[in-house]
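Residue numbers start from 1 in every chain, and the chains themselves are labelled A, B, ... in the order their sequence lines are given, proteins ahead of strands.
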Number of protein chains: 2
Amino acid sequence: MPGPPPTALQPRKTPRQSRSRVTVEAIFEATIQVLLRGGMNELTTTRVAERAGVSVGTMYQYFPNKQALVYALNARYLDALAARIEATCREHAGAPLGQMVEALINTYWTAKTERADVTRALYRSVAELNNDVLIHAFAERVDRATTEMLASACDAVFPDVPRANLALVTVIYGTVRNAFERGVSDQEAAALRQDLTTMCRAYLANFRA
Amino acid sequence: MPGPPPTALQPRKTPRQSRSRVTVEAIFEATIQVLLRGGMNELTTTRVAERAGVSVGTMYQYFPNKQALVYALNARYLDALAARIEATCREHAGAPLGQMVEALINTYWTAKTERADVTRALYRSVAELNNDVLIHAFAERVDRATTEMLASACDAVFPDVPRANLALVTVIYGTVRNAFERGVSDQEAAALRQDLTTMCRAYLANFRA
DNA sequence: ACCTGAACACCGTTCAAGT
DNA sequence: ACCTGAACACCGTTCAAGT
């Protein structure tokens, strides 16, 4: 069980008045814009503040430092991603294995692909953080959903569900990321996605009841 | 075919005298040390120079900027990795598919794992770079070796070798990376590696002659 | 309760001066 | 041919003063 994020990375205060909620939202939006434009190299606190229409000081009221800002942005993104995966798992409880695999790959792939530029920017930005806590929290939350789904499959029995789950999710998430990094073409991506599904299915066929 | 790395990232000059070759080597070594100690956040030119026992100015004689230094370090690492993969492919030319898969996974996994801390530090450092050129050059070089190997398999016929190759390497490289990011335990890693092999074999079984 | 922006310390980078 | 290190611009962060 992962603890809370390192104190230095936690938001300084939670916005209470609606004015400040707007401010924080503007800061997040500005951060994405700046990241998309110039990547982490050009992500300066001044630039983010300027784009968000606030002063640097204001930014520092909500985030103790630049890293915390990027950290919070990624936490937000991973939270949304986890929610989508959880929904998919709920929808496919008790379904046959083949459908589960397809649904999982589809959800993850779509989530990462629909805003490829944002995905890429965040992949890069999160690398610079002490992201262990972030990754662990995400992994644990999503693993819970996917293992439950797998365990509920109507046409399979697993001697070791966590193990099968680990293989499945590591391969899927890793492959998607690597595809991004290689910058595969749309055609290559389509073929790859199909082959990934084939592989996962072939693996899971071992557990067919 | 990828062009040369962006001019801004290329080494400024190649060391000609042995004195300067030693200097460059010391700078590389210092960079790794500093990266291992504090990650990219604490990688300052002053610290690297100090640790290498030279002045900042000297560092800037060989690398036009900090990014170029990190770039060169990763280029070096990827070059060595590619060479190892090429060797494995050469050794397994004409072998049965199953052995190829096992050898490829073994080589890659071992290369990444034997110095896990360095691997982790480099994974993170390369994310901050304009690394497209670097990644493409590596991918192209390694793809050439692996596709050739696959095509030579004594017990398989591929309708589309590049496609099978893409599936294979993306899944393998991606999985290894993701395993690193999740920080899997040694036992989990062992199981995962076995399952990854199973998956790849099951996929390739489709092409058995 | 929230915002501002000048001020400070530190880092990346340069270049005139050295061997 | 190679090295030095003070100097400069810029960025992260703070805090006294404001609404």
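Side chains of B/Asp143 and B/Thr147: no donor on one and acceptor on the other come within 3.5 Å. In this structure, a donor-acceptor pair under 3.5 Å is present between the side chains of A/Thr146 and A/Asn165.
Evaluation of the ring-ring contact (aromatic ring centres under 6.0 Å, His included) test over residues 184-203 of chain B, restricted to residues two or more places apart or in two chains, returns B/Tyr203-B/Phe207. Applying the salt bridge (charged side-chain N to carboxylate O under 4.0 Å, His left out) rule to pairs touching residues 38-66 of chain A yields nothing, sequence neighbours excluded.
A perpendicular orientation is assigned to the rings of A/Tyr123 and A/Phe180, their planes being inclined by more than 60° (bins at 30° and 60°).
If you measure from atom NZ of A/Lys66 to atom P of D/dG12, you get 4 Å, rounded to the nearest angstrom. What separates OH of B/Tyr62 from C1' of C/dG12 is a distance of 20 Å, to the nearest Å. In this structure, the OH atom of A/Tyr71 is 20 Å from the P atom of D/dG12, given to the nearest Å. Rounded to an integer number of Å, the gap from A/Arg47 CZ to D/dC10 P is 11 Å. In this structure, A/Gln67 places its CD atom 11 Å from P of D/dG12, rounding to the nearest Å. The distance from atom CG of A/Asn41 to atom P of C/dG12 is 12 Å, rounded to the nearest whole Å. The CZ-P distance, from B/Phe63 to C/dT14, rounds to 15 Å in whole Å. Atom C1' of nucleotide D/dA1 and atom CZ of B/Arg21 are separated by 13 Å, given to the nearest angstrom.
Closest heavy-atom contact between A/Ala111 and A/Thr119: O-OG1, 4.3 Å.
Counting non-hydrogen atoms under 4.0 angstrom, A/Leu43 reaches the backbone sugars and phosphates but no base. When heavy atoms are screened at a 4.0 angstrom cut-off, B/Thr45 is found touching base atoms of the nucleic acid.
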(message) Working note: B/Phe28 + B/Phe63, criterion ring pair (Phe, Tyr, Trp, His ring centres under 6.0 Å); need CA distance, chi angles, decisive distance, verdict.
(response) CA-CA 11 Å; B/Phe28 276 133; B/Phe63 306 97; 5.6 Å; yes
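Residues passing the side-chain contact (heavy atoms from CB on, under 4.5 Å) test with A/Leu168 are A/Leu104, A/Leu150, A/Ile172, A/Cys200, A/Leu204, sequence neighbours excluded. Partners of B/Ala202 according to the side-chain contact (heavy atoms from CB on, under 4.5 Å) rule, which considers only residues two or more places apart in sequence or in another chain, are A/Ala202.
For the pair B/Tyr60 and C/dT13, the criterion of a side-chain N or O lying under 4.0 Å from OP1 or OP2 is met.
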Set out, line by line, the N/O atom pairs under 3.5 Å between protein and nucleotides 4-7 of chain C.
residue, atom, partner, partner atom, Å
C/dT4, OP2, A/Ser55, N, 2.8
C/dT4, OP2, A/Ser55, OG, 3.2
C/dT4, OP2, A/Thr58, OG1, 2.8

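A stem is defined here as three or more consecutive Watson-Crick or G-U pairs, each with both distances under 3.5 Å; for DNA chain C these stems are C:4-8 with D:12-16, C:12-16 with D:4-8.
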